[in-house]
Amino acid sequence: MYRTHHCNQLRKADIGTTAMLAGWVHVRRDHGGVIFIDLRDREGLTQVVFRPEENAEVAAQAHHLRSEDVIEVEGRISARLPGTENPKLPTGDIEILPDKLRVLNRADVLPFPLDAEVSNEDLRLSYRYFDLRRPQMTRNLRLRHRVTKATRDFLDEKGFVEIETPILSKSTPEGARDFLVPSRLIKGKFYALPQAPQQYKQLLMVGGIEKYFQIAKCFRDEDLRADRQPEFTQIDIEASFVTPDDIFLLVEGLLAALFRAGRGVEVPTPFPRLTHAQAMDEYGSDKPDRRFAMHLTDLGEIFQASAFKMFRGALDAGGAVKAINAKGFASLTIGQSDELTAMAKHYGAKGLAFIKVENGEWKSPIVKFFSDAEKEALRSKLLVEEGDLILFAADKWDVVCEVLGRLRTRIAEMQKLTAGSDQLDFLWVTDFPLMAFSAEENKWNAVHHPFTRPKAEDIDKLEAQNYREVRAEAYDVVLNGVELGGGSIRIHEPDLQAKIFAALGVSEEDQETLFGHLLRAFRLGAPPHGGIALGLDRIVMLICGEESIREVIAFPKNNRGIDLMSHSPTAVDARQLRDLGISLTGEKPV
RNA sequence: GGAGUCUUAGCUCAAUUGGUUAGAGCGCCGCCCUGUCACGGCGGAGGUUGCGGGUUCGAGCCCCGUAGACUCCGCCA
């Protein structure tokens with residue numbers, strides 16, 4: 001036995017009893033005579049006092065303790081001397097006076113301090129096992145556990161069954177780049193790690209499971225971001241005989257339960273809904289952050305017959321003129337202005353027209369082209385006031401929305417509009433387009449995935465090959481401008497599925513080799529079904545108030561997919577490659 | 001693949017316009033210290049300023065290249 005109590009347990013009532021504690025030396029205060037140690041375990045701190053007159057031998061031993069040594073102490077729980085109680089600690093009324101001290105493990109000089117902010121993430125990841133001792137990391141991981149458990153409890157309660165699906169699965173060309181795993185038994189062939197358990201969960205529906213979920217590890221071999229790791233965890237859900245409303249209700253309840261468990265807040269439900277078209281039109285984003293307004297305002301009516309060629313021309317060509325009003329941002333710096341202009345051009349605008357409202361004056365190179373009526377219309381429509389910055393875009397509708405949407409979020413960052421906010425703005429974005437044309441590949445691709453069901457009222461447009469107009473029974477759930485997850489109602493009819501594959505340019509031969517099992521399953525009594533996948537890492541990140549999912553993953557990889565602690569990936573033994581029938585081309589590993 | 005920011009002691013940072021021997025706090029080592037809780041006091045060690053080149057009488061600072069980290073774009077059905 002190492003301990004009888006943890007380090008956040010002993011109180012006044014325990015005075016006079018004996019206890020054993022074990023943990024890490026958090027801080028030592030060695031007065032030459034008396035020595036104080038704050039002993040830490042995951043629950044808290046308890047002060048340990050070594051006094052030479054009580055036990056000279058143990059006190060002598062204690063002089064050699066250093067930060068982060070792991071020790072075990074046994075002794076009497078004593079009241080602190082009157083006036084030396086520490087009200088900052090729950091255990092601040094007592095201390096332990098050990099008559100036994102056992103050093104379980106000594107710590108070398110620490111690579112970095114645990115009680116201070118360390119900005120060198122590289123270093124933290126190299127010593128991740130050490131970094132995890134920081135209270136914030138411990139809190140994040142324990143909170144992640146609460147959220148995961150709440151997921152299981154909630155879905156279990158709703159009758160969902162957790163089922164594991166294969167990690168060694170099959171590569172499909174659609175979607176993200178696969179991680180491949182060579183097969184030894186069948187040389188020259190490869191498994192793929194799942195990008196998502198998509199096909200398996202649909203096949204479970206054909207298998208009559210009706211309500212499935214999984215805390216599923218997913219793998220995508222794409223470039224990393226603050227909120228993207230090559231392996232990540234999804235709360236994967238699928239159900240039979242459901243409509244989108246059934247999924248919305250379930251997920252709203254689930255997310256409310258998770259935020260209750262993780263953050264102790266009540267999330268109002270149901271969540272507001274926006275169609276994809278509305279979201280793009282009003283916010284220029286399919287995952288709008290609505291904690292600030294700055295709506296994209298359509299100015300088509302105002303400039304229909306304008307003398308200003310840039311606006312008039314865009315409208316005559318069937319495009320749009322829109323603007324956002326960045327309230328109080330007329331005072332932006334030259335640098336910020338340059339950045340916004342560069343951004344606008346990067347997303348396809350020819351330039352960035354603006355009006356600064358300063359000292360009652362509209363400062364702008366374009367305002368001289370506006371009639372008085374146009375100015376008045378602008379003022380009332382955009383609620384223009386002193387100090388505002390109005391930014392315009394005139395182009396094709398989708399370019400205008402994209403440009404202003406990007407500017408909108410960047411300006412909000414510059415103005416720190418959401419800094420320190422604890423607001424939780426959940427919403428559904430529905431009616432995504434089913435397909436998007438890829439100019440690069442000169443073909444239509446699935447926006448969500450190829451199993452997504454077109455909306456019934458758009459089937460005729462599908463038949464007419466008017467793909468641009470076809471909307472999907474697909475939906476995303478968004479929180480504060482972050483996509484938490486997305487899903488859809490699936491296709492369960494083999495002929496419709498074949499039609500979609502054809503539209504996506506999947507040959508009949510490929511349909512058979514890649515998806516034959518699914519198409520056959522759809523001929524053996526497949527129930528209508530649909531589901532969703534939620535990014536667990538992102539949910540936990542937002543609950544924790546972190547800005548990177550690396551802060552809520554025990555052993556994450558860095559920007560280049562390297563585990564700095566274990567140094568994976570690594571080269572492998574020539575013999576391992578031979579067993580797999582693999583030979584490397586000339587490129588030397590770094 | 002591209003863009004931006006950054007890289008000075010173990011950690012967090014400083015170093016005026018390009019100018020003496022690159023500093024501070026924390027940590028580390030030694031000595032002292034019996035009621036602290038960021039304990040305190042005295043002393044000490046610790047630097048190829050990421051690396052390579054260039055400009056200059058002189059470079060941590062300017063220029064070029066390169067490596068790495070992070071953020072973003074592309075990519076992520």
Side-chain angles (χ1 to χ4, degrees), chain A residues 26-39 45-54 56 59 63 66-68 78 80-89 91-92 95 97 107-127 172-178 194-196 198-199 218-230 232 335 338-339 342-343 346-347 406 409-410 413 432 434-436 438 440 444-452 472 474 483 486-488 500-501 504 506 514 533 535 547-548 550 558-560 562 564 590:
Chain A
H26 188 62
V27 183
R28 97 197 118 90
R29 294 177 292 277
D30 185 339
H31 288 235
V34 65
I35 304 158
F36 301 94
I37 298 287
D38 288 343
L39 188 66
L45 296 173
T46 299
Q47 176 162 281
V48 184
V49 183
F50 297 95
R51 299 168 72 180
E53 65 271 28
E54 301 258 344
H63 280 299
R66 294 293 177 268
S67 285
E68 298 304 313
S78 168
R80 292 201 184 186
L81 298 184
T84 68
E85 300 87 353
N86 186 346
K88 284 187 257 174
L89 290 182
T91 60
E95 57 200 19
L97 301 171
D108 284 348
V109 174
L110 311 183
F112 52 86
L114 289 178
D115 57 356
E117 184 92 355
V118 176
S119 60
N120 190 343
E121 194 180 2
D122 220 18
L123 188 73
R124 288 180 53 206
L125 290 179
S126 301
Y127 292 93
T172 51
E174 297 255 5
R177 192 176 294 111
D178 284 319
Q195 298 174 23
Q198 182 59 39
Q199 292 184 46
C218 303
F219 306 86
R220 294 176 190 177
D221 188 6
E222 298 292 348
D223 286 6
L224 288 77
R225 288 284 191 284
D227 61 354
R228 270 166 36 190
Q229 285 271 306
F232 60 99
D338 288 349
E339 184 186 332
M343 227 172 135
H346 182 256
Y347 287 104
R406 297 280 180 167
T409 46
R410 183 69 189 113
E413 262 173 53
F432 275 75
L434 185 72
M435 294 185 256
S438 161
E440 199 179 307
W444 289 90
N445 286 330
V447 166
H448 185 46
H449 57 54
F451 319 111
T452 304
E483 180 194 331
S488 62
I500 297 290
F501 281 142
L504 295 172
V506 182
L514 296 171
E547 289 190 350
S548 162
R550 292 188 296 268
N558 78 355
N559 230 359
R560 290 198 301 152
I562 295 172
L564 290 169
V590 184

S.K.: Taking atom types as they are modelled, would you say the side chain of A:Glu85 forms a donor-acceptor pair with the base of B:rG35 within the 3.5 Å cutoff?
M.R.: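 No pair found.
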S.K.: Please report the distance separating the P of B:rG2 from the corresponding atom of B:rC62, rounded so that it comes out in whole Å.
M.R.: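 Here B:rG2 and B:rC62 have their P atoms 25 Å from each other.
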S.K.: Any base atoms under 4.0 Å from A:Arg51, or only sugar-phosphate, or nothing? Heavy atoms, all strands.
M.R.: base
S.K.: Step through it carefully: locate the ring centre of A:His63, locate the ring centre of A:Phe50, and say whether they are under 6.0 Å apart.
M.R.: no
S.K.: Are the ring of A:Phe36 and the base ring of B:rU36 both nearer than 5.5 Å at their centres and tilted by less than 30°?
M.R.: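 Aromatic stack with B:rU36 present for A:Phe36.
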S.K.: Once hydrogens and angles are ignored, does a donor-acceptor distance under 3.5 Å link the base of B:rC75 to the side chain of A:Arg220?
M.R.: no
S.K.: Quick one: list whatever passes salt bridge (Lys or Arg N to Asp or Glu O under 4.0 Å) with A:Arg124, sequence neighbours left out.
M.R.: A:Asp131, A:Glu551
S.K.: Detail all sub-3.5 Å separations between protein N/O atoms and N/O atoms belonging to nucleotides 1-7 of chain B.
M.R.:
from	atom 1	to	atom 2	distance (Å)
B:rG1	O6	A:Asp223	OD2	3.4

S.K.: Over all strands shown, is A:Ala342 touching base, sugar-phosphate only, or nothing at heavy-atom distances under 4.0 angstrom?
M.R.: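 No contact.
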S.K.: When we call it a touch if two heavy atoms are under 4.0 Å apart, what does A:Gln195 touch: a base, just sugar-phosphate, or nothing?
M.R.: nothing
S.K.: Check the distance between B:rC73's C1' and A:Glu339's CD and give it to me in whole angstrom.
M.R.: 13 Å
S.K.: So, under a plain 3.5 Å distance rule, would you say the side chain of A:Gln47 forms a donor-acceptor pair with the base of B:rU36?
M.R.: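 In this structure, the two groups form a donor-acceptor pair.
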S.K.: Hey, does A:Ala116 reach any base, or is it just sugar-phosphate, or nothing, if we go heavy atoms under 4.0 Å?
M.R.: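 Since no nucleic acid heavy atom lies under 4.0 Å of A:Ala116, the category is nothing.
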S.K.: Report yes or no: is there a donor-acceptor pair, N or O only, under 3.5 Å between the side chain of A:Arg228 and the base of B:rC76?
M.R.: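 Check passes, donor-acceptor contact within cut-off.
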S.K.: Please list each protein N or O that sits under 3.5 Å from an N or O in nucleotides 26-30 of chain B, with the distance.
M.R.:
none

S.K.: Kindly confirm whether the side-chain ring of A:His31 is stacked on the base of B:rC39, judged by centres under 5.5 Å and planes under 30°.
M.R.: yes
S.K.: If the cut-off is 4.0 Å, is A:Asn559 near the phosphate of B:rC70, judged by side-chain N/O to OP1 or OP2?
M.R.: yes
S.K.: Taking 4.0 Å as the cut-off, does a side-chain nitrogen or oxygen of A:Arg560 come that near to OP1 or OP2 on B:rG68?
M.R.: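 Yes, because at least one side-chain N or O of A:Arg560 sits under 4.0 Å from OP1 or OP2 of B:rG68.
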S.K.: Distance check: side-chain N/O of A:Asn558 vs OP1/OP2 of B:rA69, anything under 4.0 Å?
M.R.: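 Yes, such a contact exists.
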S.K.: So what does A:Arg410 hit on the nucleic acid, given a heavy-atom distance under 4.0 Å: a base, only sugar-phosphate, or nothing?
M.R.: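 If one applies the 4.0 Å heavy-atom cut-off, A:Arg410 turns out to touch nothing in the nucleic acid.
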S.K.: Tell me whether the OP1 or OP2 atom of B:rU36 has a side-chain N or O from A:Thr84 closer than 4.0 Å.
M.R.: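 For A:Thr84, the contact criterion (side-chain N or O under 4.0 Å from OP1 or OP2 of B:rU36) is not met.
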S.K.: Are A:Glu85 and A:Arg80 close enough for a salt bridge, meaning some N to O gap below 4.0 Å?
M.R.: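 Here A:Glu85 does not pair with A:Arg80 in a salt bridge, since their nearest N and O are not under 4.0 Å apart.
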S.K.: Does B:rC39 have OP1 or OP2 sitting under 4.0 Å from an N or O in the side chain of A:Arg29?
M.R.: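 Result: yes.
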S.K.: Looking at A:Arg406, does any N or O in its side chain come under 4.0 Å of the phosphate oxygens OP1/OP2 on B:rC73?
M.R.: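 Yes, A:Arg406 has a side-chain N/O under 4.0 Å of OP1/OP2 on B:rC73.
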